Structures are given as structure tokens and as C-alpha cells.
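Written below as C-alpha cells is the structure these notes are about.
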Amino acid sequence: MKKGDHLFLVDGSGYIFRAYHALPPLTRKSDGLPVGAVSGFCNMLWKLMLDARNTDVGIVPTHFAVIFDYSSKTFRNDLYPEYKANRSAPPEDLIPQFGLIRQATRAFNLPCIEMEGFEADDLIATYCRLACEAGGDTTIISSDKDLMQLVGDTVGMYDPMKDRQIGIPEVIEKWGVPPEKMVDLQALTGDSVDNVPGVPGIGPKTAAQLLEQFGDLDTLLARAGEIKQDKRRESIIANTDKARISRQLVTLKNDVPVAEGLDDFVLHAPDGPKLIGFLKTMEFTSLTRRVAEATSTEAGDVQAVAVAVERADNAHGPDVGAGAPARGAVEPGQANGAALSATDAPKQGDTPSLLSALRLERATTGKIDTAAYHCIRDIETLKAWVAEAREAGIAAFDVRATSSDPMQAELIGMAIATAPGRAGYVPFAHKSGNGDLLGGGTLENQIPLREALAVLKPLLEDKSVLKIAQNLKYDLVIMSRYGIDVAPFDDTMLISYVLDAGTPHGHGMDALAEKWLGHTPLQLKDVTGSGKSSVGFDQVDIDRATAHAAEDADVTLRLWLVLKPRLAAKGLVSVYERLERPLVPVLARMEQRGISVDRQILSRLSGELAQGAARLEEEIYQLIGERINIGSPKQLGDILFGRMGLPGGSKTKTGQWSTSAQLLEDLAAEGHELPRKIVDWRQLTKLKSTYTDALPGFVNPDSKRVHTSYALAATTTGRLSSSDPNLQNIPVRTAEGRKIRTAFIADKGNKLVSADYSQIELRVLAHVAEIPQLRQAFADGADIHAITASEMFNVPVEGMPSEIRRRAKAINFGIIYGISAFGLANQLSIPREEASNYIKKYFERFPGIRDYIEETKAYAREHGFVETIFGRRIHYPDIRSSNPSLRAFNERASINARLQGTAADIIRRAMVRMEEALDEAKLSARMLLQVHDELIFETVEGEVEATIPVVRHVMENAAMPAVSMSVPLHVDARAANNWDEAH
DNA sequence: ACAGAAGCTTA
DNA sequence: GTAAGCTTCTGTT
């Protein structure tokens, strides 16, 4: 080997397992021999050799070897007997394939290297060193992190399954340390798969940070006392030995006395007949054919034996796709891209349903042809499109940006559609692909962002042009950051939600295109790739980006044509126009504002939680005498109910022991001390992982605030949902959990105001079911659960035992959830009989509620949906199911939906009006968050007293004038510096 | 890398 | 018994 030569080292053992798992499990030869992994291995090897040869600028190997593990016992087991001890035996059907894969390697004419007492990784390390000393380069074909320590100037890695090169920058990006420090990093983190202990509590992030700080492992261990974090310091000091032995285990041995030298690895051309002989034996028909072609192996030799196989293979070649005629195929003569007028001036006498049919006709006539879209690359063309949109009075658009988080997304391009089939894409900021160091240069022939927006802004803000988008809030937030206020608009996702909440199809573009247009749009991952090999949309080839983005705009326009008239046809226009559409800009502004979160408080809490959890962990290990993973319900269940034989175990539907909090609480009540500790441990780790550790990661670097994302069309009932992060489930029940709320703070000089509806769903129930006692109780401002208990059990409200009130409260909540004896019994931990009697008694005292429930079920069964008092529809297609439990579930859900949905509508109405009310009162308070029955505002300190009455008035009167409720709504509001005290 | 189960947080 | 979203573990792709 000499300078300029290039050695390929294939991690054969790693390959085997990846091929095995990546392929369908049941690949067998006709005689039953399992060959899935062999097949995957051969295909990958072939592709690797082929790719390497065909690449002009790629690396062409001069030397090539496949390295295997010899057996599971190596010198590492002498160092540390537990090494790889928890590794289970390979799957049954993989065992016979190990030998076959070695045969395959030889059939490829490649050296097959293994050595007793050493892992494949050690051999690889050794050959890397030898190649380097000889002046050659090496590429390791693997993605195993254990090999990353070898990466350097002359050694790279390549992951063939993801088509990804791994060099020094990739290692740093992935692990936060350069390759030479990978050993130290792995010594700290350990490896649960190989049973390398590491230091407990140190993960890759922490390890990288420590190595950054101290330089290397030895320095770190010597100066561990300087670490500030208590738990971390103690853990490292206590586990110094483990770290040292871990380092020995993960350090690859690069001086293995190898039998073969590099000269034995010189790459030869594949021996066609030899390889094909093997492949045919394996019955890999298509690879056999490809190899035959590529190696120009004598056709006669191959065909003679392979005829039968070849015919079987060809049989489905020409037929592919013939069984599935393209949907919506165009009639001859229908020109591609022939634009149809989007809007139809309704003639007099057109009924909504006739218009609906007309539009459907327009939207679905003319095929969707992604090749027919225009790429708008100069300002004059863009101006012509804007003029066209003005003429049409309508334009669907689709924004492309660098992130799914609209608060961080930078614009890449925008698609616009003015009529079915008539769509174009404006690229602003596409870059050339594989920009290694500088991210690639911006491509030519795009309209610079600033110039394009100057032309688009007047259109997007033009009152006489209706803008249409799918999930418009995302676009609204981005455009607002670029100084554009899009209006007026329609949102096809929201129209679908109003029409079809509760139906099995969702409201995403793909589902809607499939349902209404019979069309499957190009998938984003087909243009960007998926997983780690994916690229940003700005790296997508502009023609492909045009096809994808313009198609989305075209589809959006067509969906609008189909869906919008249906609103009128079904009498749902006012739901859309009052409860959905106006909320979009309101939520967009709330998301943009975000809320301040004090990272110091969270980090202090995180430390406290870690300490508490660590202490409990030790106590739990003491009690069970073993260091299991407490977070694994499987391991925990096996110990608790298997080995320790605790009573009262029950199984989940998958046959595992249940370790639910309820069950552990019951055991704790019987005097067992372990379950209590487990429940406590779970609480602490939950708070830490979900809140104190995760929230700081959501602080936006520019605004320094946390910006959640509200989904308007995610729930069936009309509630909003919150994600990334979810700020609708911040703890409140326990004192420990509430501390997290203290981290949500008002900026200096400001206060947070929290205003929440009191018992809104029960009030809605009292109103819709017309229950005189409940109406009176709410009118009197009485304790509703106490009144309920008093009615049911004939006890006076004065001096009522708390247990009695608790039961009544559970029943009241039960009604809202569509009560069942089973559920109530569970909730109250009483026999089902007793629960059943309670319900009976309740219905005797409140017959109106029984009537309400029966009426709701009958209505749902007849129509397939229920409605809120504001006319929102929620569909229950399974309400007529012959499956009794499915039917019962739908009945309960429909009962709940009227109440939950009405409450959701009320707070939506309040939110839509709130901004104007605050403006009129000249108040600077701004809405930040919504938590189903609560609104959180931030306002300057001096305006708190003036703000609260305005907020309360808007919320308490939100049902008016559409509905005059027979029960007053009541809002509690208060101000403080943080969310905990304000709530 | 992803999906589902289990578990836990909220209204 | 209703409605959500997130994390961890586990097994599969």
C-alpha cells in the first residue's frame, strides 16, 4: 500500500445486525432457509462496490476487506467479566446466516477477516493504523459510535444505509467532542448495550460539557472536586474506577497481531460466475441479474440455469402499475395546466348545494400535473402573477421556510395558485446542495427576498383579494415577522374542521387531498429525504421544490373550492366565521408574544429533583437488592410481583404486570414501603424530565421567551391543544409540581394576570339540561358539589362531612364525562353495585340530567353528530356500531362533547373579543396563554386593577348575544409576579 | 429511526 | 367515565 491508495474496511458484524433488522423478517429461500440478512448484506456490498466505482468525484477503493467478530469472548471479558454480559443470544433465524454471510464475502472475492480474542473493531483499528503508516487513506463502512474514535485526517466513516459520510465535523456535531475524545466521552457515558458501566447520571451532553471544561478524562477525574453540581460531582468521585475501566473497555486495540497484511486486501474485480453461482444458490434473482449485467458474465452461462428464475422475475416487471389506473385521469384534449376559473359567480337561483356541486366539478376537473407548474424567477413575472391574483380576487399560497417552528423559520420561497392547475413557485433563498463548510452558496435566478416581498406584500394585505392557505397560522406568524399582515383569508384546514370534526380522516392536506380530490400530493420527505440524510427545503433542487410547493398551493385552492360552499350548505358559516377564522390571528399574536420563563429557577429545581430522585433510587435499590432500571415498568413489574411476590398484581392488556400509580398507592396503603418510594421517584423524575429539563430548551434565543404552538384543529371537541412545549399541562396539583409554575414570570415592571372560569362545564350542563336546583345553586353562588350531595343524600350543607361532598363531586364530574358505573366505581374505589346505586339516586333527584343524556344519545344516533349551543358539530361515526363497548364509548364521548365543546366555544368567543375590549379601554394587557378555561395575560403593573374588570366582563359575557345562558358564568382573576401565585 | 405501550401531567 | 401532549422504555424498521 502506498500514498494515494484507499482502504475500505467493512464492519461486517455491524452490517449483519443492521441488515437483519432493516429487512422484512420472513425472507426465506424456497427450502425454508432464512436468508433475509444475507440478502441485505449482499445488496449493500454490491451497492457499495458499484457506488464507489461509478462515482466520478467519489472515493474509489484500492483495497477492500470485510471484518467480523470471531466470537463473543474477547480480552475485554478478562478486564471486566460483565462486558456484553447482558447481550442476549442472536435471534434464531439469524444464526444460520452468520456462516452464509462469510461465504458471501468470499463469493464477492473480498477478504474475510476475523481473529479469536478480538472484536472486529480492534482489527479495524489496527488496519487503520497500518494504512495510515503506509500513507494511505481509510474509509470504515459503519455507523457504529464505537468506531468514531478512529476518525481523523486520513480516516473517515461512511454509513451506506443513510448514504452519509462521517468525518471529524460530523462526530463533533453528533457528540460534541472531536474523535480523539470519543474514548473519554464513552468512558463517562458507558453503554447499556455492551454493559460498559460509565458514570451513572452522566449522559452524552453532560460528558461533552465536562470534557470541554476539563480537557480530558484524567484531568476531570483528578479535579472532580471542582464540579459545582452536587450530584454530578459525587457521582463522578464515587465512580472513578468505573470510568477508568470503561475507558479501557471502549478503547480499541490498534496493535492486534494480524495474520493478513494490507497487501492481501488489494481489490480485484468481482469474479462474475463465482458470485452469480452463490447468488443463484441463495435465490436472489434481481441481484443475480444486476451482477450478470454489470460483470458482462456470459449470458449463456447465466441464462441457462436462471431461465425459470428470470421469467418469474420478469413476470411482474412490465405489469407494475397496470393494476392501478391513475385516479382523475384527464380526458384527451384536456391540456395540461389549462387554468379554470376559480370562482363562479353564482347565478340567481343557485342554492348552496348546487354551487357546491359546481365548484366540486371545477376543482376536480383538470388533472393535477406537477410538471405544469411555473417557476417564477424574475420580478416582472412575479408582478404578472400578482396582477392575475388581483384579477381573480383570490389566491392560494403556501410558504416554504427553514423550520416547522414559525418563530425561528426563515423564508425560502412561496407558492401561489390563482386557479385550479394554475400555480407557480417563487424561490427566494435556495442554496446549492451539500454545502459542507459554508452551507452552500445561494443559487442564481431567484428573486431576492426583499424584492419579492415588496411585490407580494400589497397583494397579501389587499382587502379585495382573498388569501387561502392550509394551516394559515403558521404562515401568519412567519409573515408577521417579515412585517406583512395577511388579510383577508380563509384556511382550508379550519373549514374542514368545522365541517368534519370527529370523522376518521384528519384535516391535514394529505388527508383532505385524498378525500376530496382523490389525489396524493408529493410528500415532503420525497423531496427532502428523511431521517439523518434529509436536507433542508432550501437545499432542494428548485424544480423539485416548485413541483412540491406549487402543488400544495394548487391543492389548497382546489380544496377551498370544494369545501367552502359546503359550509353554507350545512349551515356552518357562522361557526367558521365567529369561532374559528378570527381566532387565527389572535393565536398567532399570542404565540409570537410567548411568556418569560426564569431559567435559573428551573435549573435550581432540576438540581433539587435530581437529588431527591437519587436518594430515592438508592433506597429503592436497597429494598429490592438489585440495581434495576426503575423507569422500566417491565423490569419493575417483574421484581415487584414476580420476584418479591407482592400481592394484588394485575396485568395490562399486553400481559405485563401493571405498575400504575393507583395500584402502587393501594399497596402503599397496605403498609408496603417500596411502592410509595417508587411513586415518589416517578413524580420527581417526571417533573425533572418533562418540565425543568425540557423547558429551557424552548426559550427562543432572540426573544428569550417561550413560544408554544396552539393547534386549532387537533381536538374533536373544539378545544385548543398546545405543543412544543405543551403549556396546557404545567403541574398544579402538588406543591412540588407547583414550583414549576413559579418559573413562569412577568417581565420587570409587569404582572401576570390569570383569569379562569369557575365550573364552566357544570354551568353549561345546568343550562342545557335545564336543571332547576343547579341553576338556582349557581345563581346563588353556592357550593355546587355540596348542593348536589345535599340533594342526593339528604344531608344539610352546613357541617357536611367532606367524604360525602367528595362523592357528589365525583358524580358531577362523572356526568360531564358521560358517566358509567364502572368508571365511577374506579374513581371512588367502591364496588360497581354501589356506584350504580349512586347514579340511580342522582337521576331520581335530577331527572333532567337523565333526559339530557338520553336525548343526546338519541340525537347522536340519528344524525351521527352532536352540536354545541353555538352550533359546532362533532361527529361520532361509530355511535351506531354493533360493538357494544365501542358504541358506549361513543355515547359517553358525545355527551361530553356537547359540554366540553360548548365551554371551548365560550372561551374562544372571549378570546376573539378580548383584544378589542382591551384596546377600547386603552389597556396594554396582552393575552399570552390559554389553558381551556383559563387565560393568562401580561400587563404593566399599574394597570392591573383596571384590567381585571375588563377581562372578567368579556369572559363572563362571552356567550352573548348568540346565546343568553340561564346560568351566570363566573370568572376568578388575580395578578402576581408568577403564574403560581396568579392562579 | 420510528411506533406503540405505559405512565403522568393538565382541564 | 371526557379531552389533550410528552418522556421513557421496548421492540421493530
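Not measured: the values here are computed from a predicted model.
Side-chain proximity of A/Gln683 to C/dT7, B/dT9, B/dA11: nearest is B/dT9. The side chain of A/Phe889 lies closest to C/dA3, out of C/dA3, B/dC8, C/dC6. Out of B/dA11, C/dT10, B/dC8, the shortest distance to the side chain of A/Lys686 is found at B/dC8. The side chain of A/Ser658 has B/dG7 as its nearest neighbour among B/dT10, C/dT8, B/dG7. Set against B/dA11, B/dG7, C/dT7, the side chain of A/Arg682 has B/dG7 as its closest nucleotide. The side chain of A/Val732 sits closest to B/dA11 out of C/dG5, C/dA3, B/dA11. Listed candidates were C/dC6, C/dT10, B/dT10. Nearest to the side chain of A/Arg733 is B/dT10. Taking only side-chain atoms of A/Asn729, from C-beta outward, the nucleotide of C/dA4, B/dT9, B/dG7 with the closest atom is B/dT9.
Residue A/Thr716 places at least one side-chain N or O closer than 4.0 Å to OP1 or OP2 of C/dA4. OP1 and OP2 of B/dG4 both lie 4.0 Å or more from every side-chain N or O belonging to A/Thr654. An OP1 or OP2 oxygen of C/dT10 is reached within less than 4.0 angstrom by a side-chain nitrogen or oxygen of A/Gln635. Dashed line: the shortest gap from a side-chain N or O of A/Ser723 to OP1 or OP2 of C/dA4 is not under 4.0 Å. A/Ser721 has a side-chain polar atom (N or O) that falls below the 4.0 Å cut-off from OP1 or OP2 of C/dG5. Look at A/Thr652 and you won't find any side-chain N or O under 4.0 angstrom from OP1 or OP2 of B/dA5.
Applying the 3.5 Å distance criterion, the base of B/dT10 shares no donor-acceptor pair with the side chain of A/Gln728.
Contact between A/Ser721 and A/Ala714 at its shortest, heavy atoms only, is OG-CB, 3.6 Å.
A donor-acceptor pair shorter than 3.5 Å cannot be found between the side chains of A/Asp980 and A/Thr742. For the residue pair A/Ser885/A/Asn883, the side-chain donor-acceptor check at 3.5 Å is satisfied. In the model, A/Gln662 has a side-chain atom that pairs as donor or acceptor with a side-chain atom of A/Asp666 under 3.5 Å.
Within the nucleic acid shown, A/Asn629 comes within 4.0 Å of sugar-phosphate atoms alone, with no base atom in reach, counting heavy atoms only. Counting non-hydrogen atoms under 4.0 angstrom, A/Ile816 reaches nothing in the nucleic acid. Within the nucleic acid shown, A/Ala661 comes within 4.0 Å of sugar-phosphate atoms alone, with no base atom in reach, counting heavy atoms only. Counting any heavy atom pair closer than 4.0 Å across all strands shown, A/Ala694 reaches sugar-phosphate atoms only and no base atom. Backbone-only contact: A/Gly631 has heavy atoms under 4.0 Å from sugar-phosphate atoms and none from a base. Here A/Ala810 lies in heavy-atom contact (under 4.0 Å) with a base.
A/Ile760 places its CD1 atom 18 Å from the P atom of C/dA3, with the value rounded to the nearest Å. Taking atom CZ of A/Arg719 as the reference point, atom P of B/dA11 lies 10 Å away to the nearest angstrom. Taking atom CG of residue A/Leu687 and atom P of nucleotide B/dG7, one finds them 18 Å apart after rounding to whole Å. Rounding to whole angstrom units, CG of residue A/Asp693 and P of C/dT8 are separated by 8 Å. A/Gln900 has its CD atom 17 Å from the P atom of B/dT10, to the nearest Å. Look at CG on A/Asn896: it is 16 Å from P on B/dA11, rounded to the nearest Å. In this structure, CD1 of A/Ile907 is placed 18 Å from P of B/dT10, rounded to the nearest angstrom. Atom CZ in A/Arg908 sits about 13 Å away from atom C1' in C/dA3, given to the nearest Å.
Salt bridge status for A/Glu891 with A/Arg861: present, with a side-chain N to carboxylate O gap under 4.0 Å. Residues A/Glu580 and A/Arg872 are paired through a salt bridge, judged by an N-O separation under 4.0 Å between the basic side chain and the carboxylate.
Taking the side chain as every heavy atom from C-beta outward, A/His507 and A/Asp500 approach each other to under 4.5 Å.
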